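Single-structure report; data block below.
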Amino acid sequence: MASTYPFQEIEKKWQEFWDKEGTYRAEDLPSSEKQKKFYGLIEFPYPSGEGLHVGHPRSYIAIDLMTRKKRMEGKDVLYPIGWDAFGLPTENFAIKHKVKPADATAKNVANFTRQIKSLGIGFDWSREINTTDPAYYRWTQWMFLKFYGSYFDVVEGRAKPIDLLAIPQNVAEQGEEATRRFRDEHRMAFKAETKINWCPSCKIGLANEEAIGGVCERCGSTVEQRTKEQWMIRITAYAQRLLDDLANVDYLEKIKAQQINWIGRSEGAYVDFGIRTDKSGDLLPEKLTVFTTRPDTLFGATYMVLAPEHEMVSRWIEDGSIENATEVEAYKAQARGMSELQRQENKEKTGVQLKGVVAINPANNEKIPVWIADYVLAGYGTGAIMAVPAHDERDFEFAQKFGLPIVQVVAAAEGDETRGLPFTVKGVAFDSGILNGLTTDEATTKMIEWLAQNGYGRGAINYKLRDWVFSRQRYWGEPIPLVKCQKCGWVPVPEEQLPVTLPDVDNYEPTDNGDSPLAAIRSWVETTCPHCGGPAERETDTMPNWAGSSWYFMRYCDPHNDKAFADPEKLKFWMPVDLYNGGMEHTTLHLLYSRFWYKFLWDLGLVPHECGSEPYAKRRSHALILGEGGIKMSKSKGNVVNPDDVVKDYGADVFRVYQMFIGPFDQDAPWDTHGIEGVRRFLEKVLRIFDSVIPAEAGTQEPDSPVKPWNDNVETLLHQTIKKVGEDIEAMHFNTAVSALMILVNEMSESRTSYRVPRADLETLLKLVAPFAPHMTDELWHKLGHETSIHREAWPQYDPAKCVTSTFEMVVQVNGKVRDKMEVATDIPEEEAKAKALASEKVKPYLDGKEPQKVVYVKGRLVSISI
RNA sequence: GGGCCCGUGGCGGAAUUGGUAUACGCAACGGACUUAAAAUCCGUCGCCGCAAGGCAUGUGGGUUCGACUCCCACCGGGCCCACCA
């Protein structure tokens, strides 16, 4: 800014002042009734070594504006900050540079803190949290144990303590071991085999994001698939509730759509197919069950496909039912070696027929061949499909490639696009003809009835959502607080012994077998069983990054509590979050996981019932700040803007206003070095308005200039601006709020030369600018003689009567074209407006002496004449 | 392939939700002040035209007194998901 305004000094001064005064500290005990609280939340950052990106603050500043306005409106405001600090980049950095991840994290947090504080954001730093702090992850572990100690009651549709799980008679009769197994199978946290991406060179398991294109992101070697027993969390049990409750929250439509999409509910039916092998020569006792959304096309099912991993395939290989077992094994091996990503890239259909095995289509008793192919996914439905090539594109493609029959189901043909290739048309779908003349929906319902009546299947609902793989073979994460005892099996670490802290070692290396680096630290692994006191080993897997971020918004309500993750009374006051803002990249997983986690705790009564079943009342997303020219900022392109540089050159206030003015909040916007100059000019103009009011040397006396009455138009504009800025901030239209302020300031600074702007109006202006440029406005506020911060002042009110002018410029249109404009009284009667318009000299030539066909008056706007 | 969204000056973008298209800002140009520059201030700035006027919101149609806004088709671009039966 101008050399006369020492912004660096002033900004620092106010940041220290706010810190000392606790200007932004949320009330520890609420001072108002619950309706008057506002909890604004931004996604807490991952403190990377790169430092703050210019994109980060966009969200922080936006919510800062909103919370500042709410505070000025007298609400209790909670706007906290913390660090989502566990995770891969830090771990990788630590391994590479042989430093401790905790030390690297502390350094990064210090840097982020310095950067964020320099922006003057009104965070309540007294509530700062860090997911890697044992005092924090103690509760993350505690919550994991709640998952472990619970099951999902299907009848009531909610989680309950595992002690309440009814053990069926026949299980109980089999003894303790069977009972334990039954219980373990029903826990919300359970162990199961899953595939992981394995880099044979780095000897490390990789997240999907690190194995893009099937190669290791770090070293470039081909990623293998390995099978491993991992902890899973039963999020699928909550699929329907996660879907249903979207109706009760205010999320952007596209965010809801993403959640719905990800959960992927589909209605259909399970259908049981009989299986005959040549070897046995007869029907097997077991059935092959498939899930289909189109049971009405059952008659057109001409073959079946199993996922290569389907357990029946292994069984049939073993018992010799499959004649071409070698070929089948080879295909299975090939499929196993492929990562999901490789599979997605190569969409060419492949598969092998299981020779010696046929399935029986229950609709017509026809024998149909059985195949395995990797286009059928083991993880969805039953891992097997009935293939209806006439009504499914993928089946069609497969049938074409392998010469399988294609049968169109006539009753179902309506609505399905004909593929323009010869079909074997079989006419009526059923002996009974029950589907004739029905729509697809009706036929589906009818078919499900038929299946159920004849014992061939039943209606069913399936979700794409899979259970949450919760184990990571990593060091830098929350240890999973379980111990494996040879005698007692998995035993939870008792609550009073939490947290299970990470061992403080100088360095660690990945292991050969895919275990976490923790597995090699024997002194940490070896422990005693909390149950029987015998020798036991700790679980060496750690939790995923998503764990700590699944509940952090609750910890903010009571961050220093060491008796509970948060005091229920404080949760009752602050929850739910009123506005949650973040990037679109987190609108599927993080949002889903945290909603689920919250619902689970709510079910158990650990989150008070009064908080409601959803953690976030409203979710919005910001877009990206791009590099100059509209390309993404990246180190390689050399177009990265460092917020430190901007703050150093222009100050935080300019940076903040520019961030808000750059474009619509939910739209990507390119950084523009020239654009920021315009904002600087604007703020300097604000300073200049106060020059006459505030004498150069700190005095607060107003000069006794000759006073002309304050201009009515500026008065009107002031009230219009109060209205506009307030509404725009609420609607997150920050760019137009800034432009409204610019218009007012332009007007005021022009008027200043001819009129004396009343001090009260100047103070109003200052309050409107305050959330945008907090340092400068507090400085001016104090120079006007105030002792307390402007950020605790009352937000200005507008007078609706003063927002309207007594006259307006009425437009006269003839056949939709503007032909005249005239100044008329705002309350002009309709007839008079029309008469005036028709009498206009400029309009007359267009009337051509004819009588107008229609004359429309739009109040306060225009008269439209058509001839 | 599915879902969501967007096309307005040289650029970022406004438009009271169907009512004066191009607010505000940037860039550019001309001028004032200055020895000069910066800063600041004044002015011009969609296109064609001396002007009157005409034409312009991706393209073509429709509804309407009136369409950037609503409807249909097409063209172009973006984001997310994706062999989910």
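Computed from a predicted structure; not experimentally measured. Below, chain A is the first sequence line, B the second, and so on; all start at residue 1.
In this structure, CD1 of A:Ile676 is placed 17 Å from C1' of B:C11, rounded to the nearest angstrom. For the pair A:Glu730 CD and B:U16 C1', the computed distance is 18 Å after rounding to whole Å. Across the protein-nucleic acid pair, A:Arg466 atom CZ and B:C81 atom P stand 15 Å apart, rounded to whole Å. For A:Tyr857 and B:G19, the OH to P distance is 15 Å, given to the nearest whole Å. The distance from atom CD of A:Gln659 to atom P of B:G25 is 20 Å, rounded to the nearest whole Å. In this structure, A:Leu626 atom CG and B:C79 atom P are separated by 10 Å, rounded to whole Å. What separates CD of A:Glu253 from P of B:C4 is a distance of 9 Å, to the nearest Å. Atom pair A:His674:NE2 and B:G13:P shows a separation of 17 Å (rounding to whole Å applied).
Remark: the separation of the P atoms in B:G31 and B:A37 is 12 Å, to the nearest Å. Comparing B:G3 with B:C74, their P atoms are spaced 15 Å from each other, to the whole Å. A distance of about 15 Å separates the C1' atoms of B:G54 and B:C50, rounded to the whole Å. B:G60 and B:A23: their C1' atoms are spaced 30 Å apart (whole Å). Distance check on atom C1': B:C68 versus B:A21 gives 8 Å, rounded to whole Å. A distance of about 29 Å separates the C1' atoms of B:G76 and B:C83, rounded to the whole Å. B:C72 sits 26 Å from B:C55 when the C1' atoms are compared, rounded to a whole Å. Annotation: B:G61 and B:G49 have their P atoms spaced 26 Å apart (nearest Å).
Scanning residues 731-744 of chain A for heavy-atom distances under 4.0 Å to RNA chain B yields A:Asn735, A:Thr736, A:Ser739, A:Met742, A:Ile743.
Under the 3.5 Å distance criterion, with hydrogens and angles disregarded, a donor-acceptor pair is assigned to the side chains of A:Tyr380 and A:Ser266.
In this structure, B:U17 shows a glycosidic angle within 90 degrees of zero, which is the syn conformation. Taking the O4'-C1'-N9-C4 or O4'-C1'-N1-C2 dihedral as appropriate, B:G12 has a value more than 90° from 0 and is therefore anti.
Residue A:Tyr270 is tested with A:Asn462, A:Thr292, A:Leu451, A:Val290 for a side-chain contact (heavy atoms from CB on, under 4.5 Å); the sole match is A:Asn462. Residue A:Leu717 is tested with A:Thr805, A:Asn746, A:Ile722, A:Ile743 for a side-chain contact (heavy atoms from CB on, under 4.5 Å); the sole match is A:Ile743.
In this structure, CZ in A:Arg265 is found 4.5 Å from OH in A:Tyr463, a value given to the nearest 0.5 Å. Between the CG atom in A:Asp672 and the CZ atom in A:Phe661 there is a gap of 11.0 Å [rounded to 0.5 Å]. Of the inter-residue distances, the one linking A:Lys256 atom NZ with A:Tyr251 atom OH reads 9.0 Å to the nearest 0.5 angstrom. Separation of atoms CD (A:Glu831) and OH (A:Tyr857) is listed at 11.0 Å; rounding is to 0.5 Å. The CD atom of A:Glu348 lies 4.0 Å from the NZ atom of A:Lys401; values are rounded to the nearest 0.5 Å.
Close to B:G25, at under 4.0 Å from its OP1 or OP2, lies a side-chain N or O of A:Asn746. Side-chain N/O atoms of A:Lys817 include one lying less than 4.0 angstrom from OP1 or OP2 on B:C55. For A:Lys254, no side-chain nitrogen or oxygen approaches OP1 or OP2 of B:C4 to under 4.0 Å. For B:G13, one of the phosphate oxygens OP1 or OP2 lies less than 4.0 angstrom from a side-chain nitrogen or oxygen of A:Gln667. Considering only side-chain N and O atoms, A:Arg681 lies nowhere under 4.0 angstrom from the phosphate OP1 or OP2 of B:G25. Between A:Arg861 and the phosphate of B:G18, there is no side-chain N or O to OP1/OP2 separation shorter than 4.0 Å.
Among the heavy atoms of the strands lying under 4.0 Å from A:Ser864 is at least one base atom, whether or not backbone atoms are also near. Using a 4.0 Å heavy-atom criterion, one finds that A:Ser266 contacts the sugar-phosphate atoms exclusively. Counting any heavy atom pair closer than 4.0 Å across all strands shown, A:Gln813 reaches a base atom. The residue A:Asp395 sits apart from the nucleic acid: no heavy atom pair falls under 4.0 Å. At the heavy-atom level, A:Pro852 lies nowhere under 4.0 Å from the strands shown. In this structure, A:Lys685 reaches the sugar-phosphate backbone alone: every heavy-atom distance under 4.0 Å involves primed, P, OP1 or OP2 atoms, never a base. If you check every strand for non-hydrogen atoms under 4.0 Å, A:Arg265 touches nothing.
Judged purely by atom type and a 3.5 angstrom limit, A:Arg680 has no side-chain atom pairing as donor or acceptor with the backbone of A:Val654.
Base pairing annotation: B:C74 forms a Watson-Crick or G-U wobble pair with B:G58, both donor-acceptor distances under 3.5 Å. As the counterpart of B:G1, B:C81 is assigned, both hydrogen-bonding distances of the Watson-Crick or G-U wobble pattern falling under 3.5 Å. With a cut-off of 3.5 Å on both pairing distances, the Watson-Crick or G-U wobble partner of B:A28 is B:U44. Base pairing of B:A52: no nucleotide in any strand meets the Watson-Crick or G-U wobble criterion (both distances under 3.5 Å).
Here salt bridge (charged side-chain N to carboxylate O under 4.0 Å, His left out) pairs that include residues 817-826 of chain A, with residues two or more places apart or in two chains, are A:Asp820-A:Lys842.
Between B:G19, B:C80, B:G53, one nucleotide has an atom nearer to the side chain of A:Tyr846 than all others, and that is B:G53. The side chain of A:Val858 sits closest to B:G19 out of B:U20, B:G19, B:A85. Nearest nucleotide to the A:Pro670 side chain, out of B:C83, B:G12, B:C65: B:G12. When distances are taken from the side chain of A:Val811 to each of B:G54, B:U20, B:G3, the shortest belongs to B:U20. For A:Phe661, counting side-chain heavy atoms from C-beta on, the closest listed nucleotide (B:A85, B:G12, B:G54) is B:G12.
RNA chain B is contacted by both A:Glu809 and A:Thr293; A:Glu809 maps to the nucleotide lying nearer its 5′ end (nearest heavy atom per residue). Residue A:Leu862 is the one, among A:Thr292 and A:Leu862, whose nearest nucleotide of RNA chain B lies closer to the 5' end (criterion: closest heavy atom).
Both the sub-6.0 Å distance and the 45° axial angle are satisfied by A:Lys349 relative to the ring of A:Tyr375.
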